[in-house]
Amino acid sequence: MSTDPRRQVPRTDTLLADGQIVPAVERLGRLLVKDAIRTVQERIRAGALPPVDAVPAVLAELPATAAALRPVLNATGVLVHTNLGRAPLSVAAVAAVAAAAGTTDVELDLGTGRRGPRGEAALAALRAAVPAAEAAIVVNNCAAALALVATALGQGRELVIARGELVEIGDGFRIPELLESTGARLREVGTTNRVTVEDYTRALGPDTGAVLKVHPSNFVVRGFTREVPVGGLAAALAGTGVPLVADIGSGLPGPHSALPGEPDLQTTLADGADLVLASGDKLLGGPQAGLVLGRADLVQRLRRHALYRALRVDKTTLAALEATLRGPLPPVRRMLVADVAELRARAATLAARLVAAGVDAAAVDSAARVGGGGAPEHPLASAAVSLPEEHAARLRAGSPPVVGYVEAGRTLLDLRSVLPEDDEALATAVLAAVAG
Ligand SMILES: *Cc1c(COP(=O)(O)O)cnc(C)c1O
């Protein structure tokens, strides 16, 4: 009998035909399973694994899904965390996505058998959530909404915008550069810290395509400052025929008592904006999307523009958006209103379990944040579990990975960005990563 380990390495075809591996091929596809087989064969060849253990080793090596994106527990205290996928979808939205993922009636009227309006139910849900909107459309994200508006209303014309609202949203995404890339000219008014109604009205002329207000989502200007609110600007523009477009960034449907300074879709339109733009995956708590609501004639102009076709969303986004609007309160807004006494109790429970397992842990008060460019100066009272700093990397390497943050030499796991139904998964993941 040969002692050459290469002769004993199970063949790829043999493993692919194994009764336990065949279902994995059906679930994940041959490519991923063959990758796992190759890894295991190398371990056997290197003498690190007995050949008889090949099948269980391949099964252990397989990814959970055919995509590399993994679920992560967000204990950063940042409710809308861009690096963690922004708003987590509600259970209702996830179910709607799954239902719409196959063949679906997104553009078919099943009653008549004829073509129907695309995503009509999601648009109706938006109008119902924002009664001041005559009409709505949905595009890929808020940046796409801005690009569409700037192209349709501003190409070859001027967009009037305050200097203090020439915002960089994050990671090099600068709104003025996006606007200019569409062929619109920016007519900047006011100074960095101050702008008046007269600054705007003086800038109006035959070339004006629109007046644009952009919410400075991720910073505040303090001191000798002045801005013109939507209401004041709308009054000044009345009768000029110049549309007032407001990009509020975060898409709260209406005013929210936890965030009194945050603009919302309904109030912005009621105050006189002709169009309001927002993201779907910030405080609205839904899928990535750009929402455009307001005057029916302007929305129609955008919908008819050739660029709209390149920016429209798919059936799963429409499904998730509708379920977010019509279904139970989405996770982000549940987190926003979580009671701090409950957060403290949850932190105490988790800390006690960790201490009982010999971990250096304590429940502490903390400050959470909205994130995603919302309410930058508005800390949310919260509670966290404090652990030794060096646990941060171990927690990120865990299963599922847990992402906290490091402050003053301790790793903090903030519970406001974790839903209570995920506490058990969090405890299990933390114990597995750091106990013993
Ligand atoms: C976040 C934000 C955007 C960009 O939104 P996306 O949906 O990420 O494209 C645009 N404008 C403002 C004011 C924002 O806060």
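All residue numbers in this chain count up from 1 along the given sequence. Both ligands and their constituent atoms are indexed starting at 1 by order of listing.
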Completion exercise
K282 meets the salt bridge (Lys or Arg N to Asp or Glu O under 4.0 Å) criterion, sequence neighbours left out, with none
Practice task
Output yes when E107 and R115 qualify as a salt bridge under the 4.0 Å nitrogen-oxygen rule, no when they do not.
Solution key: yes
Problem - N-O pairing of D207 and R185 below 4.0 Å - result: yes
Problem - Set of residues satisfying side chain to side chain donor-acceptor pair (under 3.5 Å) with respect to D264, sequence neighbours excluded - result: T267
Exercise answer, ligand 1 polar atom pairs (N/O) under 3.5 angstrom:
unit_1	atom_1	unit_2	atom_2	d
ligand 1	5 (O)	S279	OG	3.0
ligand 1	7 (O)	C142	N	2.9
ligand 1	7 (O)	S279	OG	2.6
ligand 1	8 (O)	R86	NH1	3.0
ligand 1	8 (O)	R86	NH2	2.8
ligand 1	9 (O)	C142	N	3.2
ligand 1	9 (O)	A143	N	2.8
ligand 1	11 (N)	D247	OD1	3.3
ligand 1	11 (N)	D247	OD2	2.6
ligand 1	15 (O)	S217	OG	2.5
ligand 1	15 (O)	K282	NZ	2.8

Problem - salt bridge (Lys or Arg N to Asp or Glu O under 4.0 Å) partners for R369, two or more places apart - result: none
Handout entry: Test: E198 and R202 ion pair at under 4.0 Å
Key = no
